[in-house]
Visitor: 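Below you will find the structure I want to go over with you.
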Amino acid sequence: MTKEKKSKPSKELPLGFVDRQEKELLVRDFIISNIKEVMIKYGFQYLETPSFEYSDSIGKFLPDKDRPDEGVFSFKDENKWLSLRYDLTAPLARYVAKNFLEIPKPFKRYQLGTVWRNEKPGPGRFREFLQFDADFVGTKNLQADAELCVMISEILEKCGLRRLEYSIKISSRKITEELFKKINLNDDSQKLTTLRALDKIDRLGWNGVKELLGEGRRDKSGDFTKGANLTSRNIEIIEDEFKKKKPETQDLIDLIKIFKDYNFSNFEFDPTIIRGLEYYTGVIFEVDLKFDVKNNKGQVIQFGSIGGGGRYDNLVNNFGNYDAPATGISIGLDRLVFALMQKKEFKVKQTKPVVICVFDKNSMKKYINLQTLLRKAGISSEIYPGENKLKKQMEYANKIKSPAVILFGDDEIKLGKPTLRNLFSGKEKPVEIKELVNEIKKII
RNA sequence: GCAGCAGUAGCUCAGUUGGUUAGAGCACUAGUUUGUGGAACUAGGGGUCGGUGGUUCGAAUCCACCCUGCUGUACCA
């Protein structure tokens, strides 16, 4: 090694990226297997699109900027900008536009995939995360929207949630559209600010939202956010409209009727859900968890939704002249995993190998024979993967939470009977090789 | 991005009004019967006190700038 101080490579992870460990991954696998089962039952087809897309295909144009990296990760490849996908909907629209003539209409597909966002991460929010999406493309029928809600509900219950522990909130972009007509609001940026303000009711309450609809709001840290500058009369009208308990737009009335036909009642009308501002055109919905979620310090945090979706009738049209109204749902799987792992009764089985201890390298063939015997019987097992004293081998077995170790040293070999030690109870006994599999099965 | 707070061992933190070789618990390593884990005991390794510059006889401690993190806020297709 050179004497000069070399700057060492960093062990830290990039902001917003995390290592995920087995326990979490097993919960995720469990959820994914439930999703796949339900998707097959509902007749969706499985699709995978690449992580990268051309930036302009997924809605990032910005020709005047050096890098199109507002919110997305991008790089230049042979003079063309590529971006890591930030959701699965934009790639779907691209896929449908590209393969429009070949695919069935309507087109139903589901997809699981990692997406990336170049934004500031928050509690439970990362810059890389796994999404699950299911969409209907090419139908205006609200039966599709209804079915998505019924379906996600079935997935959640398969994952062990009870009816009271989650709820589907529904609303429609038509409500705000009509509201804007009513108060004669035409300025696009004012509309956008209004929507953004209304989206914050759950967090700021009506008082905070009214400040944002008016001149603006100063937050706890003293930072000031400019408001939409609506008149106080218009703010009143909006508040009245938003406090109505029953939907009045035709799409929601129709949707609820279909819910009835499905016998589906675990939804609530909530005009304050806004969702993505740019592309939704009609019915929107959000999946909320109703139980407390804690952070790693044990504090209850405002967890918010684990996903949502709605109708986006114009997204595919952006690529050409195909008329493909669509509706879809996306679920943030990592958030769902995080929430499920907090439920006490929720456990997934982690299978750990029986450890065969090594006394003498010359007896390796005997250890391999035992290992083969166990593995043939479907028992997870390993020969201690190192060279160490028995004490170290025991410590290793304990550390990996192995259920049992097999001791096959000189004494046992003479008798032809390995010693089986149960690591939960600490008890051990000699066992005939023929009986080994059965005895281990009693332990695990 | 804006704002507030913070940064001392792998982790959680202590470090008195600036004063010698910077500490604890947990974790780690090695031992306490060279064939036995989870407990206990003994010993040990590990820190340019986030970085750079400044003030001072002397800085983890004071000042400036930078970096990083947390929280709020904004954006979030």
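The structure presented is a predicted model; accordingly, all values stated were derived computationally and were not measured. Residue numbers start from 1 in every chain, and the chains themselves are labelled A, B, ... in the order their sequence lines are given, proteins ahead of strands.
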Visitor: Quickly work out the A:E211 CD to B:G72 C1' distance and round it to whole Å.
Guide: 15 Å
Visitor: Atom CG of A:L212 and atom P of B:U73: how far apart are they, to the nearest Å?
Guide: 11 Å
Visitor: I need a per-nucleotide contact map over nucleotides 29-41 of chain B, read 5' to 3'. Cutoff is protein heavy atoms under 4.0 Å; write B for the base, S for backbone only, - otherwise.
Guide: -SSB--BBBB---
Visitor: In terms of relative ring orientation, are A:Y396 and A:Y384 parallel, tilted or perpendicular, with 30° and 60° separating the classes?
Guide: perpendicular
Visitor: A:R196 side chain N/O closer than 4.0 Å to the phosphate oxygens (OP1, OP2) of B:C76?
Guide: yes
Visitor: Should A:E177 and A:R173 count as an ion pair when the cut-off is N to O under 4.0 Å?
Guide: no
Visitor: Take atom CG of A:D202 and atom P of B:G72, then tell me their distance rounded to the nearest Å.
Guide: 13 Å
Visitor: So, A:Q111 and A:T49: side-chain donor and acceptor under 3.5 Å apart, yes or no?
Guide: yes
Visitor: May I ask you to evaluate whether A:R203 reaches the phosphate of B:U73, defined as a side-chain N or O under 4.0 Å from OP1 or OP2?
Guide: yes
Visitor: Between A:D145 and A:R311, is there a salt bridge with N-O shorter than 4.0 Å?
Guide: yes
Visitor: Would you call the rings of A:F100 and A:Y322 parallel, tilted or perpendicular if under 30° counts as parallel and over 60° as perpendicular?
Guide: parallel
Visitor: What is the distance, to the nearest angstrom, from the CD atom on A:E119 to the C1' atom on B:A77?
Guide: 9 Å
Visitor: Between A:F408 and A:Y367, how do the two ring planes meet: parallel, tilted or perpendicular, split at 30° and 60°?
Guide: perpendicular
Visitor: Is the shortest distance from a Lys or Arg side-chain nitrogen in A:E439 or A:K417 to a carboxylate oxygen in the other one below 4.0 Å?
Guide: no
Visitor: Apply ring-ring contact (aromatic ring centres under 6.0 Å, His included) to A:Y312 and list each qualifying residue two or more places apart in sequence or on a separate chain.
Guide: A:Y279
Visitor: Using whole Å, report how far CD of A:Q131 lies from P of B:A77.
Guide: 10 Å
Visitor: Once you apply a heavy-atom cut-off of 4.0 Å, does A:K226 come out as touching a base, just sugar-phosphate, or nothing?
Guide: nothing
Visitor: Map every base of RNA chain B to its dot-bracket character, where paired means a Watson-Crick or G-U wobble contact with both distances under 3.5 Å and | marks a partner outside the strand.
Guide: (((((((..((((.....[...)))).(((((.......))))).....(((((..]....))))))))))))....
